[in-house]
Amino acid sequence: MTSQGIYYLIRALVALVAIPFHEAGHAILFHLLPDVGPVYTVSIIPTGVGAAGYTMPLPEKDEMFHTKGQMLQEIIVDLGGRVAEELIFEDVTTGASQDIKQATSLAKSMVTKYGMSEDVGLICYDDEEEVFIGRDLGHTRGYSESVATRIDGEIKRIVDECYAKARQMIREHEDVLHRCAELL
């Protein structure tokens, strides 16, 4: 086997070894945060639809409405897998792409739909419309570029703050992270 082949084999193995740590990162945060979870199941068996594993909470009650605090905790949990990979391997995989998408989408909804940003305020900016422009669909929005910049900044701030909290919590429980990943 060539040195390049060995390199790619090692990279593939690191990605596989990252899965239990990734899922353990989610599980720890579900357990620690009071308004999400508890964990129902954790699996590192690939689902066949893009996920190499999953951590599923068991909702304790059926809720119609969510608080800002609950939503922030959900974002923290979403980022837990990425944080765990980074702490353990000092590198990251593409395994967190769906988690990042969910975290970003939730933060965007908080800012543009639910008025949960002091900077952007109590205005609904979630009125994007699709417009047919020849062959393709375009998008229009009912707010200025400066408002779009503020919205982007708020989304980034929320995700960054949640990432920092996830990182701090997993660092404080790194021994549990290792034990949980070992079990998986």
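Counting heavy atoms from C-beta on, the side chains of Tyr143 and Ile123 never come closer than 4.5 Å. Under the 4.5 Å side-chain criterion, counting only non-hydrogen atoms from C-beta, His173 is not in contact with Leu177. Counting heavy atoms from C-beta outward, Val159 and Leu79 have side chains that approach closer than 4.5 Å. Under the 4.5 Å side-chain criterion, counting only non-hydrogen atoms from C-beta, Leu87 is in contact with Arg167. Looking only at side-chain heavy atoms (C-beta outward), His26 and Val39 stay at 4.5 Å or farther from each other. Using a 4.5 Å heavy-atom cutoff, the side chains of Phe30 and Pro38 are not in contact. Within the 4.5 Å cutoff, the side chain of Arg82 has heavy atoms near those of the Tyr163 side chain. Between Leu106 and Glu74 there is a side-chain heavy-atom pair separated by less than 4.5 Å.
For the pair Ala166 and Leu29, the tightest heavy-atom approach, listed with the atom from each and the gap, is CB-CD1, 3.8 Å. The minimum heavy-atom distance linking Pro20 with Leu184 is given by the pair O-CD1, 3.5 Å. Between Gly80 and Ile170, the closest heavy-atom pair is O-CD1, 3.4 Å. Shown here for Leu122 and Gly115, the closest heavy-atom pair between the two residues is CD2-O, 3.4 Å. Across all non-hydrogen atoms, the minimal contact from Ile75 to Cys162 is CG2-CB, 3.5 Å. Ala84 approaches Phe21 most closely through the heavy-atom pair CB-O, 3.3 Å.
A salt bridge links Glu161 with Arg157: at least one charged nitrogen is closer than 4.0 Å to a carboxylate oxygen. Under a 4.0 Å N-O distance rule, the pair Asp119/Arg150 qualifies as a salt bridge. Under a 4.0 Å N-O distance rule, the pair Arg179/Asp175 qualifies as a salt bridge.
Judged by distance alone, the side chain of Glu23 and the main-chain N or O of Thr55 form a donor-acceptor pair under 3.5 Å. When atom types are taken as modelled, the side chain of Ser105 and the backbone of Lys101 share no donor-acceptor pair closer than 3.5 angstrom. In terms of modelled atom types and a separation under 3.5 Å, the side chain of Glu85 and the main chain of Thr93 share a donor-acceptor contact. For Thr112 (side chain) and Tyr125 (main-chain N/O), no donor-acceptor pair under 3.5 Å exists by modelled atom type.
Between the side chains of His22 and Asp99, at least one donor N or O lies within less than 3.5 Å of an accepting N or O. For Glu172 and Gln168, the side-chain atoms include at least one donor-acceptor pair closer than 3.5 Å.
The environment of His178 atom NE2 is dense: over 12 non-hydrogen atoms of other residues, nucleotides or ligands sit within 6.0 angstrom.
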Working for side-chain contact (heavy atoms from CB on, under 4.5 Å), residues Ile155 and Met110: CA-CA 8 Å; Ile155 293 167; Met110 290 173 69; over 6 Å; no
Test side-chain contact (heavy atoms from CB on, under 4.5 Å) applied to Tyr114 and Met71, step by step: CA-CA 11 Å; Tyr114 307 130; Met71 295 170 90; 3.4 Å; yes
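The side-chain hydrogen bond (donor to acceptor under 3.5 Å, both in side chains) test with Asp35 is passed by exactly one of Gln70, Gln73, His66: Gln73.
Between the NZ atom in Lys165 and the CD1 atom in Ile76 there is a gap of 5.5 Å [rounded to 0.5 Å].
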